[in-house]
Structures are given as C-alpha cells and as structure tokens.
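These notes concern the structure reproduced below.
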Number of protein chains: 2
Amino acid sequence: MFEHEKELYEAKANILKALAHPTRLFMAEKLLQRDYCVCEFVKMIDADISTISKHLSILKNAGIVKDDKRGKQVYYHLKTPCILQFTECALNIIESNQKEQSKLISHIESDMED
Amino acid sequence: MFEHEKELYEAKANILKALAHPTRLFMAEKLLQRDYCVCEFVKMIDADISTISKHLSILKNAGIVKDDKRGKQVYYHLKTPCILQFTECALNIIESNQKEQSKLISHIESDMED
DNA sequence: AGTATATTTGGTAAAATTACCAACCATTGT
DNA sequence: ACAATGGTTGGTAATTTTACCAAATATACT
C-alpha cells in the first residue's frame, strides 16, 4: 500500500467514521427530507444538547452537512445525499446476519437434543 | 426515536463502523477483485499478522466478508460488494472538502495582506 | 442594558478501538 | 512424532470516542 493510496483510504474511512454512529446516522437520514435545526433534533433524540451539537459538528467536519445560521437557530443541511445510499445494501447485510443467527440457534437447539 | 428504530440505526452504524478503518476498507476493496488469504494481505499491509487477522474478523462479524479455510490458508470473500458503492460519493465529498480547504487558505492569505 | 432562547466549547470520566507481542491451534510435509 | 507455515486468541498499553456538565457566545426581545 503506497503512501498516497493510504491517504485516500484514510480520507474515505473518515467519512464512514463520521456516519458510523446511530445518532449521526439518524440525523443524516432525517436531513434527506429537509433541513433541521439543532433544537428540532433535541426534541427527537434523548441526549444532551451539547452531545447533539458535537455530533453535528462531526458530520460538518467530514463535509457531509453544512450549517446555516437563521436568526437564533442553526439549521443543518445535507450536502451529499448520495452518501446514504449504502442503506439499501446495509439492510440486506442485516437481514442476512439475522438469518445466519437463527440458523446458528437452531443448530445449537438440535445439538441439545442428543 | 423509538426503540426498534434505535436498534436499526445501531445495526446500520455497526456495518459502517466495521468498514470505517483504512486497513479494513483497503482489504474490502481488494476483495472486490477476488478472494484473498490472510498471508496475501500481510504482504500488502505494514502491520502485524495478528492485527490484520483481527481486522478481518471485524469485517466477518459485521457480515461483510466470510472466511473459507483452504488447506493451511484462510481465504476471505466479500459477501456483499454493494456496500462499497459509497466510494464514488465519498470521492465527491473528499474533492469538495479539498476545494473548501484551498478556498479557506486563500482567504487567510488575502487577509494577511492587510 | 438585561433576559430568554439557541447553540457551541472546554473539561473530564468512562468506554471503545487499535496495535503489538506472546502463546496457542491447525494443517502440511519430513 | 516433529518442524514449518498460516492464522487466531489473550493480554495490555496507548489512543480515540463518547457523553455529560458547566461555562461561554450569539441573537432576539423587553
């Protein structure tokens, strides 16, 4: 792995890392619909305002969202909706994992019968 | 955010988390081409075998790859190539971030002139 | 100016991630 | 049976992430 290659993988991994948190993923997906301000997210998510604000700044630093001050409020906007296209494939993986899980459990159960 | 919703976001975030590391991303992308064994990755990546093995097991636990023992070697196979489709969008984000960066720098430079 | 509302920032403790080494297990070849 | 090769697992230290509280900032309203 060459140096410039490594840097690119780091950059790509950083974008994934920014999205790889339930709260941040939730907010990013919400932003597919429309812009939201911090105070709206506060109503939806059970966490401290400061926590939510920091999560948003992580998304912002990754270049996924941008902020936009409107009066007292700060609205967040999804710059690149395409980054959430992974969802469909992720659901396939989750489903497949659940099937594997239940297969495993039934194997264990049949082993118990002996 | 409801409980079952929360679980789904956690599951999706876990898949992203598994991919959100330069080494794991590199390996996953390599596996788009063909199956690779651990010893092949060891030659490509500057890290301990045990580190590489653990990274692969993280991808495996997330359900992204599966392993397949062939003689002394363990080959890894990409189960769901679609999960790497985010790359194209990620490159757009990276490019856009770089542009913002250079814009910022030129602003700072012109401020220095005053 | 002073208050209320909206948000960010700094500090800090707890938890998770990462990487390496050493030890272990599995398979092949002698 | 023994050595060699390929890989995983356990332990541990360093780093990063996360969440909260408290304090600071910014805007609108009185």
Side-chain angles (χ1 to χ4, degrees), chain A residues 1 6-7 9-28 30-31 34-78, chain B residues 1 6-7 9-28 30-31 34-78:
Chain A
M1 196 159 27
K6 209 171 150 189
E7 277 171 34
Y9 282 109
E10 272 166 18
K12 285 195 271 185
N14 279 336
I15 290 169
L16 288 178
K17 233 194 289 190
L19 274 180
H21 186 286
T23 301
R24 295 198 292 268
L25 198 52
F26 170 79
M27 294 196 289
K30 270 286 166 194
L31 291 171
R34 61 168 175 87
D35 295 359
Y36 281 90
C37 67
V38 183
C39 56
E40 287 178 302
F41 283 130
V42 167
K43 285 172 202 149
M44 294 185 251
I45 299 162
D46 180 30
D48 198 89
I49 304 182
S50 68
T51 302
I52 291 169
S53 172
K54 273 173 187 169
H55 278 309
L56 285 165
S57 87
I58 288 169
L59 287 174
K60 181 181 152 190
N61 279 314
I64 294 165
V65 304
K66 70 172 191 206
D67 57 352
D68 172 18
K69 187 145 197 173
R70 301 182 200 162
K72 276 190 292 187
Q73 285 148 25
V74 178
Y75 277 81
Y76 280 87
H77 169 82
L78 187 60
Chain B
M1 197 158 28
K6 209 170 150 189
E7 276 170 35
Y9 282 109
E10 272 165 18
K12 285 196 270 187
N14 279 335
I15 290 169
L16 288 178
K17 234 194 289 190
L19 229 37
H21 185 287
T23 302
R24 294 198 292 268
L25 198 52
F26 170 78
M27 294 196 289
K30 270 286 165 193
L31 291 172
R34 62 168 173 86
D35 294 0
Y36 281 90
C37 67
V38 181
C39 56
E40 287 178 303
F41 283 130
V42 167
K43 285 173 202 150
M44 294 185 252
I45 300 163
D46 181 31
D48 199 89
I49 304 183
S50 67
T51 302
I52 292 169
S53 172
K54 273 175 187 168
H55 278 310
L56 285 165
S57 87
I58 288 169
L59 288 174
K60 181 181 151 190
N61 278 314
I64 295 166
V65 304
K66 71 174 189 198
D67 58 351
D68 171 18
K69 187 145 200 172
R70 302 183 199 160
K72 274 190 294 187
Q73 287 149 26
V74 178
Y75 277 81
Y76 279 86
H77 171 81
L78 188 59

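A, B, ... follow the sequence lines: proteins, then strands. Residue 1 opens every chain.
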Using a cut-off of less than 4.0 Å, is there contact between a side-chain N or O of [X] and OP1 or OP2 of [N]?
X	N	value
A/Ser50	D/dC20	no
A/Thr51	D/dA19	no
B/Lys17	C/dT17	yes
A/His55	D/dT17	no

Practice prompt. For the pair A/His21 and A/His55, name the ring-plane relationship: parallel under 30°, tilted 30 to 60°, perpendicular over 60°.
Written response: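 The arrangement is tilted - the two ring planes meet at 30° to 60°.
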Counting heavy atoms from C-beta on, name the nucleotide in [options] closest to the side chain of [X].
X	options	result
A/Ser53	C/dT8, D/dC20, D/dT18	C/dT8
A/Lys72	D/dT5, C/dT5, D/dC20	C/dT5
A/Lys69	C/dT28, D/dT27, C/dT8	D/dT27
B/Ile49	D/dT18, C/dT8, D/dG7	D/dG7
B/Gln73	D/dG6, D/dT8, C/dT7	D/dG6

With heavy atoms under 4.0 Å as the rule, sort [X] into base, sugar-phosphate or nothing.
X	result
A/Tyr76	sugar-phosphate
B/Arg24	sugar-phosphate
B/Lys60	nothing

Exercise for the section: Could you tell me whether the side chain of A/Lys54 has a donor or acceptor atom within less than 3.5 Å of a complementary atom in the base of C/dG10? Expected result: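 Answer yes: a donor N or O sits under 3.5 Å from an acceptor.
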In whole Å, I'd like the distance from the [atom1] atom of [X] to the [atom2] atom of [N].
X	N	atom1	atom2	answer
A/Phe26	D/dT18	CZ	C1'	19 Å
A/Leu59	D/dT18	CG	P	11 Å
B/Ile45	D/dG7	CD1	P	13 Å
B/Asp67	D/dG7	CG	P	11 Å

Keeping the roles fixed (side chain from B/Ser57, backbone from B/Lys54), state whether a donor-acceptor pair exists under 3.5 Å.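 Yes; at least one donor-acceptor contact below 3.5 Å.
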Query - Donor-acceptor contact below 3.5 Å, side chain B/Gln73 vs main chain B/Arg70 - result: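 Flag not set: sc B/Gln73 to bb B/Arg70 has no pair under 3.5 Å.
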Nearest 0.5 Å please: distance from the CG atom of B/Leu19 over to the CD1 atom of A/Ile15.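 It comes to 12.5 Å.
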